[in-house]
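Because the structure is predicted, anything quoted here is derived from the model rather than measured. The chain is numbered in sequence order, starting from 1.
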Amino acid sequence: MNWLILVIAGLFEVAFASCLGKAKETSGTEMYLWYAGFLIALTISMLLLIKATQTLPIGTAYAVWTGIGAVGTALMGIMFFKDPVSFWRVFFIVTLIGSVVGLKAVSSSH
């Protein structure tokens, strides 16, 4: 169950990073709404990370959390923020995914 909580925490990390990207593209009230979304997603992500690390090893949990955030944010950047797509960018995104899956596979916690 804590692995699921950790994955959800990682998805909220993607959400808070994406809110920052959207806030940068807007102004006025809309910008402040994106910053509010950032704060909400950040809080949820951190609380879920804290919950997950109560039973999962901190080093593994943190690495998986940041890996999900990094991959998700890179993909969001490509899909919604016009970040460049290149062979090497995709290659390293795939290696990050492999690393996250590998850490889960070798983890001694259930």
Separation between CZ (F91) and OG (S86), nearest 0.5 Å, reads 11.5 Å
When every non-hydrogen atom of A61 is compared with those of L6, the smallest separation belongs to O-CD1, 3.6 Å
Worksheet entry | F92 reachable from I68 in the ILVMFWY side-chain graph, under 4.5 Å edges | no
M31 and T26 have their tightest heavy-atom pair at CA-OG1, 3.2 Å
Rounded to the nearest 0.5 angstrom, the CG-CG distance for L4 and L48 is 9.5 Å
Open item on the list: If hydrophobic clusters are built from ILVMFWY residues whose side chains come within less than 4.5 Å, do L56 and L47 share one?
Closed with: no
Note to self: Could you see if I93 belongs to whatever hydrophobic cluster contains M76? Use Ile, Leu, Val, Met, Phe, Trp, Tyr and a side-chain cutoff under 4.5 Å.
What the structure shows: yes
Between the main-chain N or O of L42 and the side-chain N or O of S45, is there a donor-acceptor pair closer than 3.5 Å? no
Between the CD1 atom in I8 and the CG atom in N2, the distance rounded to the nearest 0.5 Å is 10.5 Å
I'd like to know if W3 and I50 are part of one continuous hydrophobic network [Ile/Leu/Val/Met/Phe/Trp/Tyr, side-chain heavy atoms within less than 4.5 Å].
no
Paired with W65, the side chain to side chain contact (heavy atoms under 4.5 Å, CB included) test is passed by just one of L49, T53, T60, namely L49
Whether T73 side chain and A70 backbone form a donor-acceptor pair below 3.5 Å = no
Single-linkage hydrophobic cluster V90~L75, side-chain heavy atoms < 4.5 angstrom = yes
Next on the checklist: Can you confirm whether more than 12 heavy atoms, excluding those of Y32, are under 6.0 Å from its OH atom?
Outcome noted: no
Taking every heavy atom of V85 against every heavy atom of R89, the minimum-distance pair comes out as CA-CD, 4.4 Å
NZ of K22 to OH of Y35, rounded to nearest 0.5 Å, is 13.0 Å
CZ (F81) and CD (E25) are apart, to the nearest 0.5 Å, by 5.5 Å
In this structure, CD1 of I44 is separated from CZ of F16 (nearest 0.5 Å) by 11.5 Å
Quick check against the 3.5 Å criterion: does S107 have a side-chain atom that pairs as donor or acceptor with the backbone of L103? no
